[in-house]
There are 2 protein chains.
Amino acid sequence: MTYQTVGHPARPGLPDDPRANVTEPTPSCPVEITLTALQGRWTTLVVREFLRGGRTFTELRQALPMLSDKVLSDRLAHLTEVGVLDRHRRPGRPPRVHYTLTPHGRRLGPVLQALWDWGAHPSPETS
Amino acid sequence: MTYQTVGHPARPGLPDDPRANVTEPTPSCPVEITLTALQGRWTTLVVREFLRGGRTFTELRQALPMLSDKVLSDRLAHLTEVGVLDRHRRPGRPPRVHYTLTPHGRRLGPVLQALWDWGAHPSPETS
DNA sequence: CTGAATCCCTGCCGATACTG
DNA sequence: CAGTATCGGCAGGGATTCAG
């Protein structure tokens, strides 16, 4: 945690970092990086399944029956690409592929927690 | 905070709530609610501007020059609708509209902080 | 079994032009 | 000044089919 401000009290979500002043949704902004990693329908639910332990393709399909194979495949590939998941081929019959969270991926726990907290808190404005 | 588990240690992002077991991206899931509120390009940057204080349409346009009027208007309407912003018409000449964060919107600070933290942390896997 | 390829459809985003 | 209306382009997501 080195991004925190030193000159004045920390304002949540507003670290004293040059990237906190971007005026465009540039990919170098940490917030954009995270949202990109979690981007796409079903992605957070897939991550949630992994927070409960390693999973194979088939197990995920059973846990999320409404998710099509193609999209599941896309999500797993995406999450692997951004360093959230590790992919392990299992030799043998039938061939299965095992996915696990990387340490980096495991750190998404607090992120989902924060998203959950805000959404779980009732908004007086929303009808 | 009543969603926390009671029977076993809390697992971050995995509260002991029936909604934590949804198998679809249903709008009632708190995580979905938050992601819906922050949905759309530029949205987090607009929220960031408000964490720095109330803003008028013109001030926002100056702060985010690459953001078109239409999209800015869309974002402000969306954020107002989900209870993040309050809208105040300023009578007089020229007519200005002032927006401020609601208490609910102010609670997005920690959310953006969590998103920032994860994205700012280097991933050993990402090329 | 675990995806990859293809196709279509929908919704977002951006630009431009117009109104109270 | 602060939006609304409209249009086009493009990318995301779902279903189906094919391959290693």
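Every value quoted in this text rests on a predicted model; they were computed, and no experiment measured them. By convention in this document, chain letters (A, B, ...) are assigned in the order of the sequence lines, proteins followed by strands, and residues within each chain are numbered from 1.
- In this structure, the separation between CZ on B/Arg96 and CZ on B/Arg89 is 15.0 Å, given to the nearest 0.5 Å.
- B/His78 has its NE2 atom 18 Å from the C1' atom of D/dG3, to the nearest Å.
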Quick one: which protein N/O atoms are closer than 3.5 Å to N/O atoms of nucleotides 12-14 of chain C? Pair and distance per line, please.
{"unit_1": "C/dC13", "atom_1": "OP1", "unit_2": "B/Arg41", "atom_2": "N", "d": "2.8"}
{"unit_1": "C/dC13", "atom_1": "OP1", "unit_2": "B/Arg75", "atom_2": "NH2", "d": "3.4"}
{"unit_1": "C/dC13", "atom_1": "OP2", "unit_2": "B/Arg75", "atom_2": "NH2", "d": "2.6"}
{"unit_1": "C/dG14", "atom_1": "OP1", "unit_2": "B/Arg41", "atom_2": "NE", "d": "2.6"}
{"unit_1": "C/dG14", "atom_1": "OP1", "unit_2": "B/Arg41", "atom_2": "NH2", "d": "2.6"}
{"unit_1": "C/dG14", "atom_1": "N7", "unit_2": "B/Lys70", "atom_2": "NZ", "d": "3.3"}
{"unit_1": "C/dG14", "atom_1": "O6", "unit_2": "B/Lys70", "atom_2": "NZ", "d": "2.8"}

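- Regarding contacts with the backbone of C/dT2, every side-chain N or O of A/Arg90 stays at 4.0 angstrom or more from both OP1 and OP2.
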With side-chain contact (heavy atoms from CB on, under 4.5 Å) as the test, would you mind laying out the steps for A/Leu51 and A/Leu108 before giving the verdict?
-> CA-CA 9 Å; A/Leu51 287 171; A/Leu108 280 174; 5.8 Å; no
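- In this structure, the CD atom of A/Gln62 is 10 Å from the P atom of C/dC1, given to the nearest Å.
- The side-chain heavy atoms of B/Leu79 and B/Tyr99, taken from C-beta on, include no pair separated by under 4.5 Å.
- If you take CG of A/Asp69 and P of D/dA15, they are 10 Å apart, rounded to a whole angstrom.
- One can place CZ of A/Arg89 at 9 Å from C1' of C/dT2, the figure rounded to the nearest angstrom.
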Decide yes or no on side chain to side chain donor-acceptor pair (under 3.5 Å) for A/Ser28 and A/Thr26, but give the supporting numbers first.
-> CA-CA 5 Å; A/Ser28 66; A/Thr26 158; 3.1 Å; yes
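- Per the geometry, CD belonging to B/Glu24 stands 15 Å off C1' belonging to D/dG13, to the nearest Å.
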Under 3.5 Å between N/O atoms: give me all the protein pairs with nucleotides 18-20 of chain C, atom names plus distance.
none

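- The line from NE2 of A/His121 to CZ of B/Arg107 is 3.5 Å long, rounded to the nearest 0.5 Å.
- The bend of the helix from C/dC1-D/dG20 to C/dG20-D/dC1, defined by the angle between the axes of its first five and last five pairs, stands at 40° to the nearest 10°.
- We find that CG of B/Leu35 is positioned 17 Å from P of D/dG12, with the value rounded to whole Å.
- In this entry the distance linking CG of B/Leu60 with C1' of D/dC1 reads 14 Å, nearest Å.
- In the set C/dT2, D/dA2, C/dC1, C/dC1 carries the atom at the smallest distance from any side-chain atom of A/Pro94.
- Considering only heavy atoms from C-beta on, B/Val31 stays 4.5 Å or farther from A/Leu45 through its side chain.
- The side chain to side chain contact (heavy atoms under 4.5 Å, CB included) with B/Trp116 is formed by just one residue from the set A/Asp17, A/Val111, A/Thr34, A/Ile33; it is A/Asp17.
- Atom-to-atom distance recorded for A/Thr44:OG1 and A/Leu115:CG is 8.0 Å, nearest 0.5 angstrom.
- Atom CG in A/Leu72 sits roughly 13 Å away from atom P in D/dG13 (whole-Å rounding).
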Please assess A/Val97 against A/Phe57 for the test side-chain contact (heavy atoms from CB on, under 4.5 Å), listing each intermediate value before the final yes or no.
-> CA-CA 6 Å; A/Val97 182; A/Phe57 195 92; 5.5 Å; no
Would A/Leu64 and A/Leu72 satisfy side-chain contact (heavy atoms from CB on, under 4.5 Å), going step by step from the backbone distance to the final call?
-> CA-CA 9 Å; A/Leu64 305 170; A/Leu72 175 55; 5.7 Å; no
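- For A/Ser73, counting side-chain heavy atoms from C-beta on, the closest listed nucleotide (C/dC1, D/dG3, C/dA4) is C/dA4.
- Atom CZ of B/Arg90 is surrounded by 12 or fewer heavy atoms from other residues, nucleotides or ligands within 6.0 Å.
- In this structure, A/Arg87 reaches the sugar-phosphate backbone alone: every heavy-atom distance under 4.0 Å involves primed, P, OP1 or OP2 atoms, never a base.
- A donor-acceptor contact closer than 3.5 angstrom is absent between the side chains of A/Thr80 and A/Arg87.
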